[in-house]
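We number each residue from 1, following the sequence as shown.
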Amino acid sequence: MMSELLKYILTHEEAFRRNRLPSLYSDFTPQKKTNPDGYAVNVAAWEHALNRAAKRGYTSSRGVRVRSGSTISAESGAPLKRKKTDHLILRTDESLLRDLESPEWGRPAALGTVFDEAVRKNSMIPLPIYKTTAGLLQKKSQWKLIDPGVLSPWNVMSWGARQLKGFVVGSDSDSAPKLQVQELVLIENLQEAADLAVKKATGGKSSKLDLIYSREMFVEEFAAILNEATELSDADFDVLLLYLSRDSSAIAYDGKVTSLKAKIAELTASAKTALANKNRISALSAVRSRKMAEKNLQDRTTTLIQLDEVYSKIEQAADQVEMVRIMKSSTGVLRSLHTQIGGAERVEDIVEELREEMAKVDEVGSVMNEAGPVIDEGEIDDELAAMETSEREALVESRLAELDSVKQASDEASRRARAAEDADSALADNIIDRLSNMSVEDRPMQAN
């Protein structure tokens, strides 16, 4: 049965076309000398595929858990359950080989070579090395130049063991090195998650106080920063916070409060274990230590709250200073404008002068009107009366013409009516005369 990891790679990775699978699953390590281009293409294909699969949460082999996230389903309206798994760390072990095993081509034979090259160019870094080596991503040199003095004894022994096993970076073996069980930090995914977190944290924040997070708040806010369907694991957040604080200097983080909380939980568990074993002295000691840790945590929390208040006051005072500065600048601008105007008295003088000039305009208009031609008002009245008389006469003539036309129409109708009556009377007289002149012989015979 094909794993979800392999299904994702075969579905979404263009480099994993069917005709390319024989080459990708073969031991292509000798091609580094015989076919460098083909070797580089195969290494890049596997590295890119594993990075993208990890970004989507398909590569984790450690114990994962599923919890209800804040994302809401568009169909049911219920909270979606998101898987909490590794996105920034890749564990290379037997389970990874098993997940990548193809029913047709078996397991990838050169996967050790892929990780060898990734470690060589710092695109993947062993987790213990990354945690203990500051400024590692800024170095352009190879792993062989890392100062062993900055490494923990465990790391030095680990690398020594790998050298003895032939898994030394830069090994010229003609066959792929054996896949070692280790955890590799995926630098590409780490940098992308960090960039997205910084953009989300700084975008739209109105106050610097909004940029203060506890670890719990940070985890809740940026859990799904790479993929909405899955959440970063606790190990992912350890690496992400280390990168943001140490390598990119994007945040200030010490983790002390979280350490105190972990210590309190540990002491509580120790006290319960001691009580279960009827060891009262150990239980009292654990409870006493827990109380001290709780007091320390409370003091630090109180101090943080006080610092928040002080910072808020500083921010408020800075806003007030800025406001006063703007008001002072505005006062100077208004003073300059008032100086240009000349004050209220100057405005009154200008208004009075304007009124005088407007009065002069009216006076000039009156003089010009007086200088116009003189018209006899009596002549105007006589001409108007003559026009009215003419209009009345025209109206009377129009009405008389209408009356004549109506009278003519009425006379014509009367004439036609009389003519019709005369015709009817003549017809009746003619019928009566014909009936009176008929003889007996002309009448029809009656039947015997």
Find out whether [X] and [Y] are in side-chain contact, i.e. whether some heavy atom of one side chain is under 4.5 Å from a heavy atom of the other.
X    : Y    : answer
L100 : I9   : yes
I187 : N122 : no
N35  : D37  : yes
R56  : E4   : no
Q316 : Q320 : yes
T302 : Q306 : yes
L186 : I89  : no
E13  : H48  : yes

Query raised in the report: Can F222 and L196 be said to form a side chain to side chain contact (heavy atoms under 4.5 Å, CB included), step by step?
Result: CA-CA 9 Å; F222 303 106; L196 292 174; over 6 Å; no
Between [X] and [Y], is there a side-chain N and carboxylate O pair less than 4.0 Å apart?
X    : Y    : result
D299 : K295 : yes
R325 : E322 : yes
R290 : E294 : yes
E47  : R52  : no
R107 : E94  : yes

Any donor-acceptor N/O pair, [X] side chain to [Y] backbone, under 3.5 Å:
X    : Y    : result
S123 : V119 : no
N296 : M292 : no
D234 : F237 : no
D236 : L88  : yes
K83  : G57  : yes
S336 : G332 : no
D27  : A176 : yes
R91  : L184 : no
T59  : L90  : no
S289 : S285 : yes

Once rounded to the nearest 0.5 Å, what's the spacing between atom [atom1] of [X] and atom [atom2] of [Y]?
X    : Y    : atom1 : atom2 : answer
D116 : Q180 : CG    : CD    : 11.0 Å
D247 : L190 : CG    : CG    : 7.5 Å
I350 : E352 : CD1   : CD    : 12.0 Å
Y130 : L136 : OH    : CG    : 8.5 Å
L240 : L232 : CG    : CG    : 7.0 Å
L179 : L96  : CG    : CG    : 7.0 Å

Taking all atoms of both residues into account, what is the closest heavy-atom pair of [X] and [Y], and its distance?
X    : Y    : answer
I341 : V347 : CG2-CG2, 3.4 Å
P108 : L97  : O-CD2, 4.1 Å
S282 : N279 : OG-ND2, 2.9 Å
N51  : M124 : ND2-CE, 4.0 Å
Q182 : P126 : OE1-CG, 4.1 Å
L21  : L10  : CD2-CD2, 3.9 Å

Report task. If the plane angle is over 60° it's perpendicular, under 30° parallel, otherwise tilted; pick one for Y8 and Y58. Result ->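 Parallel.
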Over 12 foreign heavy atoms within 6.0 Å of [atom1], [X]:
X    : atom1 : result
R17  : CZ    : yes
M327 : CE    : no
I326 : CD1   : yes
K291 : NZ    : no
E363 : CD    : no

Report task. Begin with the C-alpha distance, continue with both residues' side-chain angles, and end with the deciding distance and a verdict on side chain to side chain donor-acceptor pair (under 3.5 Å) for Y39 and E117. Result -> CA-CA 11 Å; Y39 173 84; E117 290 293 338; 2.7 Å; yes
Report task. Please check if the distance between the ring centroids of W46 and F28 is under 6.0 Å. Result ->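 When the ring centroids of W46 and F28 are compared, they turn out to be at least 6.0 Å apart.
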Query raised in the report: Is the closest side-chain donor-acceptor distance between H87 and S233 under 3.5 Å?
Result: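 Looking only at side-chain atoms, S233 and H87 do not form any donor-acceptor pair under 3.5 Å.
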Query raised in the report: Does one side chain, of T113 or T29, offer a donor that lies under 3.5 Å from an acceptor on the other?
Result: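 T113 vs T29: donor-acceptor pair found between side chains.
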Query raised in the report: Run the side chain to side chain contact (heavy atoms under 4.5 Å, CB included) check on F218 and L244 step by step: do they pass?
Result: CA-CA 12 Å; F218 187 87; L244 289 171; 3.8 Å; yes
Query - Worked verdict on L226 versus E192 for side chain to side chain contact (heavy atoms under 4.5 Å, CB included) - result: CA-CA 8 Å; L226 281 180; E192 181 178 349; 4.1 Å; yes
Requested in this report: Check step by step if salt bridge (Lys or Arg N to Asp or Glu O under 4.0 Å) holds for E14 and R20.
Outcome: CA-CA 10 Å; E14 182 66 21; R20 292 275 296 119; over 6 Å; no
Query raised in the report: Which is it for S23 and N42 under the side chain to side chain donor-acceptor pair (under 3.5 Å) test, yes or no, and what are the steps along the way?
Result: CA-CA 8 Å; S23 175; N42 287 341; 3.1 Å; yes
Query raised in the report: Taking it one step at a time, do D349 and L354 satisfy side chain to side chain contact (heavy atoms under 4.5 Å, CB included)?
Result: CA-CA 9 Å; D349 293 340; L354 179 61; over 6 Å; no
Query raised in the report: Does the cation-pi check pass for R120 over F115, that is, NZ or CZ under 6.0 Å from the six-membered ring centre and within 45° of its axis?
Result: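 Checked: cation-pi criterion not met.
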